[in-house]
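Remember, it's 1-based here, ligands and their atoms both numbered in the order they're listed.
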Amino acid sequence: MTVWRTSYKFVKKIAQRICMRLLASAITGEDRVTGIDNPRKVRVKRSSLTLFNDTFLRACRLEQTKTVPVWFMRQAGRYDADYRAIRERYSLVEICEHPEVAVEVTKMPVDKLGVDAAILFSDIMIPVGAMGLPFEIRENVGPVIASPIRHERDVERLQVFDAQEKLPHVLETIRLLSNELSVPLIGFMGAPFTLASYMVEGGPSRDYLQTKQMMVSRPDLWQQLMDKLADMIIRYGREQVEAGAKALQVFDSWVGSLAPGDFVRYVKPTMQRIFEGLKPLSVPLIYFGVNTGELLGEFAATGASVVGVDWRVPLARARERVGGGVALQGNFDPAMLFAPRSEMERRALEILKQGAKDPGFVFNLGHGVKPTTDIDALKFLVDVVHAFDPLAG
Ligand SMILES: Cc1c2[nH]c(c1CCC(=O)O)Cc1[nH]c(c(CCC(=O)O)c1C)Cc1[nH]c(c(CCC(=O)O)c1C)Cc1[nH]c(c(C)c1CCC(=O)O)C2
């Protein structure tokens with residue numbers, strides 16, 4: 001009897017999944033593939049019947065898609081009441097330490113907003129803690145480090161860790177997500193300059209005086225720090241992809257504070273080494289920064305496959321600067337999520353028309369979602385992007 005009931009349930013579940021899959025592809029007309037899109041990495045077991053929306057990955061690979069993929073930086077966050085409720089019980093670091101909670105938070109925007117990619121819920125500082133430098137995240141301030149890096153011994157003490165050993169919960173979160181998600185999971189790391197800015201200043205900064213001072217007056221020590229962070233980033237990136245991340249974004253939020261000559265001299269070689277090291281993983285590699293208008297050409301020359309653009313640069317100009325062979329991601333001003341709907345739509349269409357001129361465009365904001373954003377504005381924006389036909393222009 002029990003055997004019969006179990007097999008009936010099993011057959012019913014399979015039949016339901018097949019029906020859902022057929023229905024979804026009939027409705028969207030989008031190409032759907034099974035969970036496995038990189039046969040080399042089938043180490044992670046996944047259901048072969050999961051619906052999988054690969055529009056984001058295809059746009060990153062410069063393939064023509066029927067709709068423009070969209071996701072938002074900081075798409076899991078305080079604008080969402082359910083997230084705020086979870087934050088009342090867990091700190092940001094605690095969420096990261098509990099895979100079941102991190103999974104739930106990562107999935108929230110996918111379910112609620114209908115975005116085409118998920119981003120791992122974590123923070124760029126999590127691996128800094130694992131390197132042996134304790135930090136704290138202060139609300140409305142950002143990461144704070146009590147004993148910042150100033151001397152050789154501080155750099156020497158930093159460990160290039162094994163995530164299996166130091167951050168097993170992060171890898172577990174990725175494994176769970178890659179089994180459950182119907183969209184690709186983006187893993188991420190902070191880039192060396194941006195991480196160094198917190199590690200050297202001891203917290204957020206307006207002008208990065210200590211960081212830039214170390215860069216120019218102790219180029220040897222600076223390079224030692226860049227090298228150690230690059231080693232960490234390559235190793236941690238590889239572990240994230242092996243656990244199931246389908247793309248990696250390297251956040252260099254504050255590198256736009258550098259003059260182009262300084263970027264080329266003090267940062268670019270390290271970024272080239274990082275993307276060279278991550279390339280064998282065969283996943284899209286996104287390089288993002290704010291205020292990087294003058295650096296976009298250099299960004300494209302680092303070896304990244306997708307370049308993030310903020311709203312200060314029109315996308316057509318960004319395309320001129322990066323040239324061909326690289327996808328673009330951006331560049332809606334997060335402040336414009338507070339504009340009237342008609343104005344939001346007008347601006348989104350302007351971006352879509354420029355961005356989708358060539359294959360290889362991912363719609364995003366130019367920076368993260370602001371905590372006071374209305375969730376309905378985000379949903380509206382997703383709908384506008386999905387209604388746009390990139391082939392019709
Ligand atoms: C610079 C940077 C940090 N963290 C990150 C960056 C690069 C992107 C950027 O430029 O915004 C990256 C980051 N941080 C967080 C994510 C989660 C994934 C997602 O985008 O949804 C991602 C991708 C969670 C978070 N990380 C943080 C929050 C907000 C605090 C909270 O809601 O608990 C979230 C959701 C905290 C944090 N952590 C950091 C800052 C500046 C802050 C903001 C402080 C505040 O406003 O309270 C460092």
Side-chain angles (χ1 to χ4, degrees), residues 70-98 101-113 115 117-129 133 135-145 170 173-174 177 181 183 185-199 201-206 208 211 233 236-237 240 245 247-257 286-292 308-311 329-331 334 364-373 375 378:
V70 50
W71 70 279
F72 301 122
M73 288 180 277
R74 287 286 172 85
Q75 65 188 18
R78 287 187 297 231
Y79 72 87
D80 181 0
D82 291 330
Y83 173 80
R84 290 197 300 272
I86 289 178
R87 279 283 282 110
E88 277 177 20
R89 292 169 50 207
Y90 302 91
S91 70
L92 183 125
V93 172
E94 283 166 352
I95 297 178
C96 302
E97 285 168 354
H98 291 81
V101 186
V103 164
E104 192 186 335
V105 173
T106 303
K107 282 164 67 179
M108 276 177 181
V110 180
D111 298 336
K112 292 188 187 194
L113 308 176
V115 285
I119 181 156
L120 171 72
F121 190 85
S122 183
D123 195 87
I124 57 167
M125 298 308 288
I126 298 288
V128 172
L133 193 64
F135 70 92
E136 182 198 329
I137 290 190
R138 278 200 207 138
E139 189 142 341
N140 297 320
V141 175
V144 175
I145 288 175
V170 175
T173 301
I174 296 176
L177 280 166
L181 282 168
V183 295
L185 176 69
I186 304 169
F188 71 90
M189 298 80 78
F193 179 87
T194 294
L195 291 179
S197 79
Y198 288 111
M199 295 162 89
E201 304 288 336
S205 167
R206 193 180 285 267
Y208 311 98
T211 314
I233 289 163
Y236 186 40
Q240 291 187 53
L248 292 173
Q249 175 150 328
V250 184
F251 282 96
D252 213 348
S253 306
W254 316 134
V255 80
S257 66
I286 310 165
Y287 188 27
F288 165 81
V290 184
N291 258 317
T292 53
V309 184
D310 81 15
W311 61 92
Q329 176 176 278
N331 71 342
N364 203 318
L365 306 180
H367 202 179
V369 178
K370 302 283 174 202
T372 51
T373 304
I375 187 167
L378 288 167

Any N/O of [X] closer than 3.5 Å to an N/O of ligand 1?
| X | result |
| --- | --- |
| Tyr198 | no |
| Gly142 | no |
| Ser253 | yes |
| Tyr83 | yes |

In the protein, which heavy atom is nearest to [atom], and how far is it?
| atom | answer |
| --- | --- |
| atom 33 (O) of ligand 1 | Arg87 NE, 2.4 Å |
| atom 36 (C) of ligand 1 | Ile137 CG2, 3.6 Å |
| atom 24 (C) of ligand 1 | Ser122 O, 3.2 Å |
| atom 30 (C) of ligand 1 | Arg78 NH1, 3.6 Å |
| atom 38 (N) of ligand 1 | Asp123 OD1, 2.7 Å |
| atom 27 (C) of ligand 1 | Leu92 CD1, 3.5 Å |
| atom 47 (O) of ligand 1 | Asn140 N, 2.7 Å |
| atom 13 (C) of ligand 1 | Arg74 NE, 3.6 Å |

Is there a side-chain contact between [X] and [Y] in this structure, where contact means two heavy atoms from C-beta onward sitting under 4.5 Å apart?
| X | Y | value |
| --- | --- | --- |
| Glu97 | Tyr90 | no |
| Met125 | Ile145 | yes |
| Phe72 | Leu113 | yes |
| Phe121 | Met108 | no |
| Phe288 | Asn364 | no |

Taking atom NZ as the centre, does Lys370 end up with more than 12 heavy-atom neighbours from other residues, nucleotides or ligands that are less than 6.0 angstrom away?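 Result for NZ/Lys370: open.
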
Which heavy-atom pair separates [X] from [Y] by the least distance, and what is that distance?
| X | Y | answer |
| --- | --- | --- |
| Leu177 | Lys107 | CD2-CG, 3.8 Å |
| Pro143 | Pro204 | O-CD, 3.3 Å |
| Val93 | Ile126 | CG2-CD1, 4.4 Å |
| Val110 | Val115 | CA-CG2, 3.8 Å |
| Glu139 | Arg78 | CG-NH1, 3.5 Å |

May I ask you to list the atoms of ligand 1 that are less than 4.0 angstrom from any heavy atom of [X]?
| X | result |
| --- | --- |
| Phe188 | 22 (C), 23 (C) |
| Ala76 | 21 (O), 35 (C) |
| Glu139 | 47 (O) |

Check His367 against ligand 1 and report side chain, backbone, both or neither, counting heavy atoms closer than 4.0 Å.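 The answer is the side chain.
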
Have a look at ligand 1 and work out which part of Val290, if any, has a heavy atom under 4.0 Å from it: side chain, backbone, both or neither.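 No part of Val290 comes within reach of ligand 1.
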
At a 4.0 Å cut-off, with the gap strictly under it, does some heavy atom of Pro143 reach an atom of ligand 1?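 In this structure, Pro143 qualifies as a contact of ligand 1 - some heavy atom is under 4.0 Å.
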
Compute the minimum heavy-atom distance from Leu120 to ligand 1 and say whether it is under 4.0 Å.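 Yes, Leu120 has heavy atoms under 4.0 Å from ligand 1.
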
Quick test of your reading of the structure: of Ile119, Val105, Ile124, whose heavy atom lies closest to atom 6 (C) of ligand 1?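 Heavy atom nearest to atom 6 (C) of ligand 1 belongs to Ile124.
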
Expected list for residues 186-199: side-chain donor-acceptor pairs under 3.5 angstrom, two or more places apart:
residue, atom, partner, partner atom, Å
Thr194, OG1, Asp252, OD1, 2.6
Thr194, OG1, Ser253, N, 3.1
Thr194, OG1, Trp254, N, 3.1
Ser197, OG, Thr194, O, 2.7
Tyr198, OH, Trp254, NE1, 3.0

